[in-house]
A.B. asks: 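I'd like to ask some things about the structure below.
Everything numeric in this text was worked out from a predicted model, so none of it was measured.
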Amino acid sequence: MVSKLKKLSSEDLDNISDFFASVVEKKIFSQVKSQKEILAMDININIDYNDETEQLDIDANVDIDTDELSDLSDEIINEVIDESYLELDEYINENFRE
């Protein structure tokens, strides 16, 4: 059984958001042959934390522009985000559980 989340401060939420964004970014860059393929990338992390229920919802949205030679597809980006959630779960379990 997974222990429950501790009460999260706004600093905790910022740390979780920053960690998740960096994991997503790192994994996306690992999918391309050259970082130059990515012309622009915007990673938005939305965190919704309910203090009373201690429910944490995190959504990642990646807006990315690649050059025309890039093989990076929406499907690959979605797989990367799914994989990133696994790392995020580990991070939260190690740092924010009682």
Side-chain angles (χ1 to χ4, degrees):
M1 188 180 132
V2 178
S3 58
K4 66 181 199 157
L5 277 177
K6 69 177 193 173
K7 289 267 187 228
L8 299 176
S9 67
S10 60
E11 187 179 329
D12 291 336
L13 296 175
D14 287 345
N15 289 338
I16 291 168
S17 178
D18 291 346
F19 174 83
F20 194 38
S22 72
V23 168
V24 170
E25 181 180 61
K26 184 176 66 182
K27 286 185 177 292
I28 287 174
F29 279 129
S30 75
Q31 295 294 317
V32 294
K33 292 178 189 76
S34 166
Q35 291 188 2
K36 293 176 184 166
E37 285 181 41
I38 297 173
L39 305 175
M41 179 166 49
D42 191 21
I43 300 172
N44 292 309
I45 307 296
N46 295 319
I47 292 188
D48 185 30
Y49 176 65
N50 184 323
D51 238 354
E52 289 157 23
T53 63
E54 294 176 356
Q55 192 106 24
L56 181 65
D57 291 318
I58 304 173
D59 289 321
N61 186 346
V62 178
D63 189 18
I64 195 163
D65 288 328
T66 56
D67 68 23
E68 64 275 357
L69 301 175
S70 177
D71 294 334
L72 198 60
S73 66
D74 286 345
E75 195 174 271
I76 292 171
I77 291 169
N78 289 333
E79 283 175 23
V80 163
I81 291 171
D82 288 345
E83 288 173 18
S84 298
Y85 275 110
L86 297 175
E87 279 191 46
L88 177 66
D89 286 344
E90 259 179 58
Y91 177 74
I92 289 172
N93 289 340
E94 289 173 9
N95 297 285
F96 302 101
R97 298 260 179 216
E98 293 179 337

A.B. asks: Once salt bridge (Lys or Arg N to Asp or Glu O under 4.0 Å) is applied, what residue pairs with a partner in residues 42-53 remain, sequence neighbours excluded?
C.D. replies: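 Salt bridge (Lys or Arg N to Asp or Glu O under 4.0 Å) check on residues 42-53 returns no pairs.
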A.B. asks: Can you list the residues that meet the salt bridge (charged side-chain N to carboxylate O under 4.0 Å, His left out) rule with Glu87, with sequence neighbours excluded?
C.D. replies: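 By the salt bridge (charged side-chain N to carboxylate O under 4.0 Å, His left out) rule, Glu87 matches Lys27.
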A.B. asks: Going by heavy atoms in the side chains, are Arg97 and Leu5 under 4.5 Å from each other?
C.D. replies: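 Yes; the side chains approach each other to less than 4.5 Å.
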A.B. asks: Run the side chain to side chain donor-acceptor pair (under 3.5 Å) test against Ser70 and tell me which residues pass, sequence neighbours left out.
C.D. replies: Glu37
A.B. asks: Got a sec, which residues hit side-chain contact (heavy atoms from CB on, under 4.5 Å) with Glu94, two or more places apart in sequence or on another chain?
C.D. replies: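 For Glu94, the residues satisfying side-chain contact (heavy atoms from CB on, under 4.5 Å) (neighbours in sequence not counted) are Glu90.
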A.B. asks: Quick one: pull up CG in Leu8 and CG in Asn95 and give me the separation to the nearest 0.5 Å.
C.D. replies: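 Nearest 0.5 Å value for the CG-CG distance: 11.0 Å.
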A.B. asks: Identify, with sequence neighbours excluded, every residue that meets ring pair (Phe, Tyr, Trp, His ring centres under 6.0 Å) alongside Tyr49.
C.D. replies: none
A.B. asks: Any salt bridge (Lys or Arg N to Asp or Glu O under 4.0 Å) involving residues 57-71? Give me the pairs, sequence neighbours left out, ordered by first then second residue.
C.D. replies: Lys33-Asp71
A.B. asks: Does CD in Glu75 sit with more than 12 non-hydrogen atoms of other residues, nucleotides or ligands closer than 6.0 Å?
C.D. replies: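 Counting other residues, nucleotides and ligands, CD of Glu75 stays at 12 neighbours or fewer.
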A.B. asks: If you take all heavy atoms of Ile64 and Met41, which pair is closest and at what distance?
C.D. replies: CD1-SD, 3.8 Å
A.B. asks: Please list every donor-acceptor pair under 3.5 Å in which a side-chain atom of residues 15-23 meets a protein atom from a residue at least two apart or in another chain.
C.D. replies:
| unit_1 | atom_1 | unit_2 | atom_2 | d |
| --- | --- | --- | --- | --- |
| Asn15 | ND2 | Glu11 | O | 3.4 |
| Ser22 | OG | Asp18 | O | 3.4 |
| Ser22 | OG | Phe19 | O | 2.9 |

A.B. asks: Take Asn61 and Asn46, measure what side chain to side chain contact (heavy atoms under 4.5 Å, CB included) needs, and give me the verdict at the end.
C.D. replies: CA-CA 8 Å; Asn61 186 346; Asn46 295 319; 5.5 Å; no
A.B. asks: Mind checking what makes side chain to side chain donor-acceptor pair (under 3.5 Å) contact with Ser10, not counting sequence neighbours?
C.D. replies: none
A.B. asks: Tell me, with the steps shown, if Ile92 and Ile58 meet side chain to side chain contact (heavy atoms under 4.5 Å, CB included).
C.D. replies: CA-CA 12 Å; Ile92 289 172; Ile58 304 173; 4.1 Å; yes
A.B. asks: Determine the minimum heavy-atom distance between Gln31 and Leu72, stating which atoms define it.
C.D. replies: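 That would be CB-CD1, 3.8 Å.
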A.B. asks: What's the spacing between Thr66 OG1 and Ile77 CD1 if we round to 0.5 Å?
C.D. replies: 7.5 Å
A.B. asks: Among all residues two or more places apart in sequence or in another chain, which pass the side-chain contact (heavy atoms from CB on, under 4.5 Å) test with Ser34?
C.D. replies: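 Ser34 satisfies side-chain contact (heavy atoms from CB on, under 4.5 Å) with Lys36 only.
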A.B. asks: Atom CD1 in Ile45, atom CG in Leu13: separation rounded to 0.5 Å?
C.D. replies: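 Output value for this atom pair is 12.5 Å.
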